[in-house]
Structures are given as C-alpha cells and as structure tokens.
Amino acid sequence: MQWLIDTLRTHPELALFFTLGVGFWIGNKKFRGFSLGAVTSVLLVGVLVGQLKIDISTDVKSVFFLMFLFAVGFGVGPQFFRGLKKDGLPQVLFAAIMVVLCLLCTWGAAVMMGYNAGESAGLLSGANTISAVIGVSTNTLNSLGITASQKTALINAIPVCYAVTYIFGTLGTILIISKLGPVILGGVDNVKKQCKELEVSLGGDIANGEGGIFPANDRVLYNAYHVTGNSIAIGKSVIELEKLLESKGHRLFVERIRQHGKIVDAKKDTVIAEKNIIVLVGRKEFLMGEESVLGKEVYDVELLEFPVEKLSILITSKQIAGKTLAALRDKNFMHGIAINSIKRVGIEVPVLKNTKLDIGDTIELSGLKKDVEKAIPHIGSVDRPTNKMDMVLAGLGIFLGGLLGALTLHLGKVPLSLTTSGGALFGGLIFGWLHSKHPNIAAIPQPTLWFMNNVGLCTFIAIVGITSGPSFISGFQKVGPMLFAVGAIVTTIPLLLGLLMGRYIFKFHPALTLGALSGSRVCTAALGATQDTLDSKTPALGYTVTYAVGNTLLIICGVIIVLLMK
C-alpha cells in the first residue's frame, strides 16, 4: 500500500486518470432514475484520492478548463446570437432575468449567512448546477490582491459548498420544473392538452396520430405495386398521382417505374399505364391500405435495388432560416425526400409542419442519393462524419479569447476582468457562430466536442478535488448541514418566480415556459423529465435559446459573485 501511495505521489497523472475512470463509472450509475452525474462523482472521488496529499500542477487544470469553456461557447454560439434577433428576444430576456434572480438569491443568502467569497461561489455553482462557476470564480479569486493563504482558503471552500448543494440543485430543479411546474401552470392534464393543441398548431393531427413530418427512422418504406385494371394510377402522370394521394393526407412519391420490362426513373410527366410496376416511397402508415386502390404489392428485387442516402445537413441558407418545415417540404428540390429529425444545440425539437428552422440547426434527410445530393446546396452543408479537427482556429480561438479576458480594468481598488476563462468562453461563442455561417471554418467533430466538453470539465474538477482533498472534510464540518437547506432555498425561489414570470408576465405557452426554465438553468435532465410528464416534445422549443443564454451568463456570474462578496 505504501508503494502504491508513493507511486501516485511521484506520478500524479496516474492518480488523475484513476479519479476520472472511477468518477465516470459512478456517475453512470442510476438509483431510481437519479444519478450524481460525472462531474459530482469525479469531484468526490478526487476528494478521496486527495487524502493521500498528491500535488498536481494548476497549469494542467487551467488547460483543460479553457478547453472546456471554448467547447461550451462553440456549441451554443449559433443559438446565442440567433436569440438576439427579434423573434428570440423574449426568450433571451426571460433567460437573462432568470440568471439575475439566481445571482441575487445566492448573494442575498450568502450575505445573510455570512459566507465568504469562496463559499458563495460554491453555493452559486451547486444550487444552480453550473459546474463551470468553480473554475471562473477560482480564476477571479486568484486575481484579487489578497495573500496566498487567503486565496487558498477561499478556493478550497468552493468545491466543498458545491458538493453540499449540488444534489438538491439537480434533483430539486428536475422535480420543480417537471412535476410542480405543470401544476402551477394550470394542472398536468390541462398542460398536456395545451401541448397537444400546440402540436396541432404546428402541423400535427391528434385525431389520426399524424405528427406532421414525422421522424422517419425505420418508418420510411419503399414498396412496389403492380398497376391493375382498377388502379387509380392508370392514365395519370406521376405528379397527378402524387397530388391525388396527398389530397387523401398521404404524402407519397413515385420513384421508379417498370414499363414493358424496362426500369425508368419516374418524372413528373411520366404517364402510368396498366401492368406497370411503380415504386412508392413514404411513411409506413401511409402505404398501408394503398394496395386496394393502386394494385397488388409485389416484390421486384431489381426494381427496388437502388441507392438510398441518409445525411445530416447543417442549415446555413438564409432562404431556409425562419421558414417552416412545410415551406421547406414544398420546395421543388425536396421532392422524394423525408425529414427524419431536427437538432438544435444537440437537442431534438419536434418535427412538425409549422416548426421553424434556424441557421445552425442540423436536419437529417433521407431519400434517393440523387435527390438528397440535389437538395444539399439549397439548404446548407453536409455534416459528414470526420475525425479531423480544425486545430488552427480552435487554438487561436482560445488564445485570442484568453488575451481579451486577461485585460483588467480597475474600479477603484476592485479589478474587473472576464479572466482568461471568460475570454475562452467568448472565443468559443464567436467561432461557433462563425462555423454555423461557414461550415468549412473551425470544424470540430461532435465526438471531439464531447471530449473537450465533458473530459475537459471533469479533468479540471478531478484536479480540484485532489488538490482540495486534505481540507475538504474540515471545510464540510465548517459549513454544516445548514448549507444544504440554504442551497435548497437558493435553488427553489428562482424556479418558482420563473414559473410565475413565464405565465403572467411573458405569457408564454406552458410548454415554452417549462422548456425555457430548463434552458435558463442549463438542466437538460429537467427538459427530458418534463417531456416525459407531458408526453410531448414541445418544451424543447423553449429550451435552445434560453440554454445558450443561461449557460453563458451563469458562468460569468462566477466572476460577479466573487466581486460582490469581496
């Protein structure tokens, strides 16, 4: 055992990787639907490992934290700047007010309880589940004109208070938004009904289960029909047959035809004759029952043997941005193409006829390869899987952002600065927005972005836990159980005020209020729980812009709370 301890002290990188491995393992475990998550688990494992008094350079911690913040900014950049446009301003304002409420509640509670700057920062971070505050508040404390021992004491208090308040911060946020929220907004059943009505207004049809342009996945089929004497297709052109089927509410396309033994691609003016075999593509439920009016379904291997492509497209076209899915579907270049899904800031939003598209959204299309390839230039750029990262611009983005953040203004004796961490976040916002406009610039593959985001933050947190480990237990004894109660209050009050604000001041639809509240508090778990409660994806429509704004402003609050408590 002594050999193991000596080895970890000599090679602290091994202690770091042990902490990450065990922390992620514990974080993946769930108990009745609740888990600590990777960040908190890594912190607690780091604290235990830290009892061995292992020294790790703070430079390593800074590198991974800057990488994490740049990834955060890069991911939310398109929606952050999109929210500044007219139609997004109400949600931006809502998120900004929520952040101010979170800050004021934390500040008020900290003043009443006599907490110092480090304890206050930990309270803000844990009660509002914004782990990045640990880093930015640490950097701000390091910039203050106080002694090294004072800095160490304040910085070591941050993870202690974070750990105490985080559990209710997460669980309380989920329960208040997903369970109590619908009750306050009119009752669960009533809110469910309003969500279904919203789906209808967006293009869904509750009566027959129609959901507009539904996520296709394996629901899109290619069937062949032998046109018989009673078929409605006889004597009609391809476009006439498609319009006739669409008048029945069935959006189907004729893709190929076998005529006189030869296979031809269907054109709009191609006339269908008796004994032709036609290939129809569409959703499974639309194709069911068509055999009775079209002809007998047959299995023609050669006719059905053609390439079908499924691609994710990053929307960059100004002609598409702001348009509904129905408007996109009606474009000539969308003939024969199904829209499978829409993702915004990594969150799936409802695929309904009147759902509006934004620049930076990723939509998944499927159809014949020639049709999909024809549509791409009209929509944006293919988000093709790649293992290469534009490290030139990523490195320069962190460098330039960090330089901006390092600039310090003095208000009297108080230094005002974004710090290098805040600058890296700002750099990520700019480069993320730039990438949404020009996809070939600053490209970062999603797996790489995940690594920068999750491993970057958890590595930083692991080092925080290991270095603060020796003082963690004494710090925990100092703050006591009272901090847990204070944290619960700081978590709850802004959420209740946000529910009332969304209903009576902003007059949002209940689904948008709950989504915006989840986004403002940067709690994706609350969004998922709310969607399960309401059996609807519509809350996601209020999540994306508020998530981008809330994530950015709450991180900056880590600087503000330290300056306020100083």
Side-chain angles (χ1 to χ4, degrees), residues 72-73 75-103 128-130 173 176-178 181-182 184-185 191 194-195 198-199 201-202 315 321-325 342-350 352 354-362 425 429 432-433 436 494-531 534 536-557:
V72 169
V76 304
Q79 287 302 307
F80 181 84
F81 289 105
R82 178 261 172 193
L84 300 180
K85 296 181 179 179
K86 184 178 180 181
D87 61 338
L89 284 178
Q91 292 187 19
V92 171
L93 183 58
F94 178 88
I97 294 174
M98 278 299 302
V99 170
V100 171
L101 289 174
C102 293
L103 177 63
N128 297 288
T129 64
I130 185 75
T173 298
I176 292 171
I177 294 177
S178 66
I184 292 177
L185 296 178
V191 173
Q194 292 183 66
C195 286
L198 178 59
E199 289 175 6
S201 71
L202 291 172
I315 296 177
K323 298 292 191 298
T324 63
L325 282 186
I342 309 171
K343 285 189 176 181
R344 189 172 295 160
V345 196
I347 300 295
E348 288 199 11
V349 299
L352 300 169
N354 293 324
T355 299
K356 288 188 176 180
L357 299 166
D358 290 327
I359 285 180
D361 287 355
T362 299
L425 175 66
L429 288 171
W433 169 81
S436 71
L495 291 175
L496 295 179
L497 292 176
L499 288 168
L500 299 175
M501 182 171 63
R503 181 175 185 178
Y504 295 109
I505 298 178
F506 286 86
K507 301 186 185 302
F508 288 152
H509 186 282
L512 299 186
T513 296
L514 296 171
L517 206 56
S518 302
S520 302
R521 286 294 298 267
V522 200
C523 190
T524 306
L527 174 66
T530 301
Q531 290 176 325
L534 302 179
S536 174
K537 286 187 176 295
T538 52
L541 297 173
Y543 180 84
T544 56
V545 169
T546 52
Y547 172 83
V549 175
N551 205 354
T552 303
L553 297 185
L554 278 171
I555 290 174
I556 294 174
C557 284

Chemist: Would a distance-only check, ignoring hydrogens and angles, find a side-chain to backbone donor-acceptor pair under 3.5 Å from His509 to Pro539?
Modeler: no
Chemist: Quick one, Leu495 and Leu499 - any side-chain contact, counting heavy atoms below 4.5 Å?
Modeler: no
Chemist: Side chains of Arg503 and Thr513: closer than 4.5 Å at any heavy-atom pair?
Modeler: no
Chemist: Go through Val72 and Asn551 one step at a time and tell me if the side-chain contact (heavy atoms from CB on, under 4.5 Å) criterion holds.
Modeler: CA-CA 8 Å; Val72 169; Asn551 205 354; 3.4 Å; yes
Chemist: Would the distance check show the side chain of Asn354 and the main-chain N or O of Ser201 forming a donor-acceptor pair, the cut-off being under 3.5 Å?
Modeler: yes
Chemist: Taking all non-hydrogen atoms of both residues, which atom of Ala95 and which atom of Gly550 are closest, and how far apart?
Modeler: CB-N, 4.4 Å
Chemist: Can you confirm whether Phe506 sits close enough to Met501 that some side-chain heavy atom of one is under 4.5 Å from a side-chain heavy atom of the other?
Modeler: yes
Chemist: What's the separation between atom CG in Leu554 and atom CG in Leu103, rounded to the nearest 0.5 Å?
Modeler: 9.0 Å
Chemist: Please, which pairs that meet side-chain hydrogen bond (donor to acceptor under 3.5 Å, both in side chains) have at least one residue in residues 515-528, sequence neighbours excluded?
Modeler: Thr173-Arg521, Thr524-Tyr543
Chemist: Rounded to the nearest 0.5 Å, what separation is found between the CD1 atom of Ile359 and the CD1 atom of Ile315?
Modeler: 8.5 Å
Chemist: If you compare all heavy atoms of Gln91 against all heavy atoms of Leu541, which two are closest, and at what distance to 0.1 Å?
Modeler: NE2-O, 3.7 Å
Chemist: Considering non-hydrogen atoms only, spot the tightest contact between Leu534 and Cys195 and give its length.
Modeler: CD1-SG, 3.7 Å
Chemist: For a 4.5 angstrom cut-off between non-hydrogen side-chain atoms, does Met98 reach Leu517?
Modeler: yes
Chemist: Check Ile347 against Ala540 and note the closest heavy-atom contact, atom names and distance.
Modeler: CG2-CB, 4.1 Å
Chemist: Passes side-chain contact (heavy atoms from CB on, under 4.5 Å), Ile97 versus Leu93? Steps please.
Modeler: CA-CA 6 Å; Ile97 294 174; Leu93 183 58; 4.0 Å; yes
Chemist: May I ask you to check whether Gln531 and Ser536 show a side-chain donor-acceptor distance below 3.5 Å?
Modeler: no
Chemist: Run the ring-ring contact (aromatic ring centres under 6.0 Å, His included) test against Phe80 and tell me which residues pass, sequence neighbours left out.
Modeler: none
Chemist: Phe81 versus Leu429: any side-chain heavy-atom pair under 4.5 Å?
Modeler: yes
Chemist: Looking at side-chain heavy atoms only, is the closest gap between Thr355 and Thr324 below 4.5 Å?
Modeler: no
Chemist: Nearest heavy-atom pair of Ala526 and Ile177: which atoms, and what distance?
Modeler: CB-CD1, 4.0 Å
Chemist: Which atom pair, heavy atoms only, marks the closest approach of Leu512 to Gly542?
Modeler: CD2-N, 3.7 Å
Chemist: A side-chain contact here means heavy atoms from C-beta on lying under 4.5 Å apart; do Ile556 and Val99 qualify?
Modeler: no
Chemist: Can you measure from CG (Leu198) to NZ (Lys537) and round to the nearest 0.5 angstrom?
Modeler: 14.5 Å
Chemist: Find out whether Ile342 and Thr362 are in side-chain contact, i.e. whether some heavy atom of one side chain is under 4.5 Å from a heavy atom of the other.
Modeler: no
Chemist: What verdict does the salt bridge (Lys or Arg N to Asp or Glu O under 4.0 Å) test give for Lys343 and Asp361, after you've listed the backbone C-alpha separation in whole Å, the side-chain angles of each residue and the deciding distance to 0.1 Å?
Modeler: CA-CA 6 Å; Lys343 285 189 176 181; Asp361 287 355; over 6 Å; no
Chemist: Supply the atom-to-atom distance Arg344 CZ to Asp358 CG, rounded to the nearest 0.5 angstrom.
Modeler: 4.5 Å
Chemist: Are there more than 12 heavy atoms of other residues, nucleotides or ligands under 6.0 Å from atom NZ of Lys323?
Modeler: yes
